[in-house]
Amino acid sequence: MVSQRILIWAFLRPLRGWLFAVLLGSAAASAADTPRVETLSIDEGSFFDAIVTVQTRALPDARSAATLGATREGTGVVIGKGGLILTIGYLIVEADDVKIVDDEGHVHPARVVAYDHSTGLGLVQPIAPFDIAPLKLGDSGKLAESDPVLIVNHGGRDEATRAVVVSRRPFTGSWEYLLDRAIFTSPPTLNWSGAALIGTDGSLLGVGSLIVRDASEGNPHLPGNMFVPIDALKPILSDLIKTGRRAGPARPWIGVSADEVQGRLVVDRVSPEGPADRAGVQSGDIILAVGGEGVRSQAEFYRKIWGRGAAGSEIPLRVLQGIDVREIKVRSIDRMDYFRQKPTH
């Protein structure tokens, strides 16, 4: 947690003047310019009980520990009977131990129900179900720019913050991740992992994923947070509850983290012992093409990989490695097969 605070401060330090101005100005700003929490027509008691803390400890040999840490903490939202909890998936990947802390501070042992890499969402449930009224799932498709929202993390009422939606657009992450219509809000809030994005009717509209420098598209680029829209969960929720994963073939995954740099796709990291690593892809390589079709962006790269078929498909890459152009064939896998599994005995 100390290292996370240092990283957060390093991110926010250049923005401290802007944030200070926002805080000073918010008291005098009109509701149209800076939406106030009081303008949200919600009953506070109707949803704060449904916001919980999710605490996890990863397996001793977890592959994700290098990037996500061995211990993780964030927010969960009760969305179903028996205390079914929705959270952001990276908190529970390769979890060995899961605990839920409710609004009254009671600790409940819990288990992982499901994880979905495509959306980045996860489900957990207390071992002994508790009776907390679930939060209603809203309609994130109707959420538009300038709409007021409330962001609630596991700090509860004391840390609830108002924000506005500043953009609805695609989001790509370097970990082979793409959302067609993510939700971006501003100003930025801390403790965003799994935080609940609440609409004016008190419903759940999104789940907190990241803090970003460019939440808004136009200039100036306002910092803020990215949320996974709740509509991404609805079509797969019943499958996740029943089987722990979405129905249908898994997407191919090759284990490459690549960043867009001046119109080129540069490999930043290769997952150790993953498909690309075994095939010979290296950090620093420039990805030129997939199956003979050029790529310059993460979105192009992912869509061309996913378009080659299900997990297990061969992915032909053309890469610039040093001064040499190489043709490399990568045998993709299901991302879940790369993660360590908790023993069942």
Side-chain angles (χ1 to χ4, degrees), residues 63-64 67-68 88-90 93 115-122 167-184 206-207 209-210 212 214 217 226-229 231-233 235-236 245-272 274-321 326-339:
R63 296 184 188 274
S64 59
T67 53
L68 298 176
I88 196 68
Y90 58 71
V93 166
Y115 168 74
D116 180 60
H117 177 65
S118 295
T119 60
L121 298 173
S167 181
R168 296 297 313 270
R169 67 182 194 273
F171 170 83
T172 57
S174 61
W175 54 98
E176 299 181 49
Y177 180 74
L178 184 153
L179 290 174
D180 288 327
R181 197 163 180 252
I183 302 168
F184 293 86
V207 176
S209 178
L210 296 169
V212 296
D214 57 347
E217 291 187 272
M226 188 277 280
F227 288 80
V228 180
D231 285 0
L233 172 70
I236 62 172
R245 60 185 304 156
R246 67 169 60 212
R251 279 178 175 171
W253 180 82
I254 64 173
V256 165
S257 175
D259 294 319
E260 299 174 14
V261 181
Q262 297 180 342
R264 295 191 171 191
L265 203 56
V266 181
V267 176
D268 175 64
R269 181 178 181 272
V270 180
S271 298
D277 184 32
R278 291 174 177 167
V281 180
Q282 300 175 12
S283 178
D285 288 357
I286 296 175
I287 300 171
L288 304 175
V290 177
E293 299 181 276
V295 293
R296 290 181 175 273
S297 69
Q298 291 171 334
E300 287 180 330
F301 183 42
Y302 302 154
R303 289 191 170 111
K304 284 181 170 57
I305 290 176
W306 299 338
R308 304 292 298 186
S313 301
E314 185 176 80
I315 311 297
L317 301 180
R318 180 181 300 144
V319 305
L320 178 62
Q321 199 167 79
R326 294 189 57 197
E327 302 287 344
I328 300 177
K329 294 181 178 179
V330 182
R331 180 62 64 183
S332 67
I333 64 172
D334 179 350
R335 175 85 188 271
M336 294 303 294
D337 292 339
Y338 180 73
F339 292 137

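The structure displayed is predicted, hence computed values, not measured ones.
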**Request:** Kindly write out the residues that satisfy ring pair (Phe, Tyr, Trp, His ring centres under 6.0 Å) with Phe339, not counting sequence neighbours, or none if the list is empty.
**Result:**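 None.
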
Shortest non-hydrogen contact from [X] to [Y]?
{"X": "Ile254", "Y": "Ser332", "value": "CG2-CB, 4.0 Å"}
{"X": "Ala276", "Y": "Val256", "value": "CB-CG2, 3.3 Å"}
{"X": "Val228", "Y": "Ser209", "value": "CG2-CB, 4.2 Å"}
{"X": "Glu176", "Y": "Trp306", "value": "O-CZ2, 3.7 Å"}
{"X": "Gly284", "Y": "Val266", "value": "O-CG1, 4.2 Å"}
{"X": "Trp175", "Y": "Tyr302", "value": "N-OH, 4.0 Å"}

Check side-chain hydrogen bond (donor to acceptor under 3.5 Å, both in side chains) between [X] and all other residues, then give those that pass, not counting sequence neighbours.
{"X": "Asp116", "answer": "Thr119, Arg246"}
{"X": "Ser283", "answer": "none"}
{"X": "Ser64", "answer": "Arg72, Glu94"}
{"X": "Arg251", "answer": "none"}

**Asked** Can you list every pair that meets side chain to side chain donor-acceptor pair (under 3.5 Å) and has a residue in residues 263-272, with sequence neighbours left out?
**Response**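 Listed once each, the pairs would be none.
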
Mind listing the side-chain donor-acceptor pairs of residues 289-296 below 3.5 Å, one per line with the distance, residues two or more places apart or on another chain?
residue : atom : partner : partner atom : Å
Arg296  : NH1  : Gly263  : O            : 3.0

**Item:** Under the salt bridge (charged side-chain N to carboxylate O under 4.0 Å, His left out) test, residues paired with Asp277 that sit two or more places apart
**Value:**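 Partners of Asp277 by the salt bridge (charged side-chain N to carboxylate O under 4.0 Å, His left out) criterion come out as none, since no residue qualifies.
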
Between the side chain of [X] and the main-chain N/O of [Y], is any donor-acceptor distance below 3.5 Å?
{"X": "Asp334", "Y": "Met336", "answer": "yes"}
{"X": "Arg181", "Y": "Arg168", "answer": "no"}
{"X": "Glu260", "Y": "Gln298", "answer": "yes"}

For [X], give me all partners under side chain to side chain contact (heavy atoms under 4.5 Å, CB included), at least two apart in sequence or on another chain.
{"X": "Val207", "value": "Leu86, Ile88, Leu121"}
{"X": "Arg326", "value": "Val319, Gln321, Ile328"}
{"X": "Ala182", "value": "Phe171, Leu179, Phe184, Met226"}

**Message:** Return the OH to CG distance between Tyr90 and Leu210, rounded to the nearest 0.5 Å.
**Reply:**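 One gets 6.0 Å once the value is rounded to the nearest 0.5 Å.
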
**Prompt:** How long is the gap from CG on Leu320 to CG on Leu265, to the nearest 0.5 Å?
**Reply:**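 If I round to the nearest 0.5 Å, the distance is 12.5 Å.
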
**Asked** Which pairs pass salt bridge (charged side-chain N to carboxylate O under 4.0 Å, His left out) with one or both residues in residues 299-321, sequence neighbours excluded?
**Response**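 Checked against salt bridge (charged side-chain N to carboxylate O under 4.0 Å, His left out) - neighbours excluded - the pairs reaching residues 299-321 are Asp180-Arg303, Glu314-Arg331, Arg318-Glu327.
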
